[in-house]
Participant: 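First, the structure itself, so that you have it in front of you.
As the structure lists them, so they are numbered: ligands from 1, and atoms in each ligand from 1.
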Amino acid sequence: MTYDRLVCANCASPVSEGRCPVCRANRERLQQENFFANLNPMALIALLTVLIAAVALLAHQTT
Ligand SMILES: [Zn+2]
């Protein structure tokens, strides 16, 4: 789903133009959703691995 054609309920302009705070909030939220939707599964696994390693390292340091 693309946000390019979404029209704001508050200002009736395309949300992608960000003319009002509602537009900007929606645009930001949709861009974040796009970011996560476009994430490569391999990148996600790599990220998870790094996270687990970091947590393990932290747990090791505190004990
Ligand atoms: Zn708006």
Participant: Do R29 and E33 meet the salt-bridge criterion of a basic N to acidic O distance under 4.0 Å?
Facilitator: yes
Participant: Which heavy atom of N10 sits nearest a heavy atom of C20, and at what distance?
Facilitator: ND2-SG, 3.4 Å
Participant: S16 and R27: which non-hydrogen atoms are nearest, and at how many Å?
Facilitator: O-NH1, 3.2 Å
Participant: Excluding waters, which protein N, O or S atoms are within less than 2.8 Å of the Zn ion (ligand 1)?
Facilitator: C8 SG, C11 SG, C20 SG, C23 SG
Participant: Could I get the full list of side chain to side chain contact (heavy atoms under 4.5 Å, CB included) partners for I45, not counting sequence neighbours?
Facilitator: M42, T49
Participant: Determine the minimum heavy-atom distance between V15 and C23, stating which atoms define it.
Facilitator: CG1-O, 3.6 Å
Participant: Of all the heavy-atom pairs spanning R19 and C11, show the shortest one and how long it is.
Facilitator: CB-SG, 4.3 Å
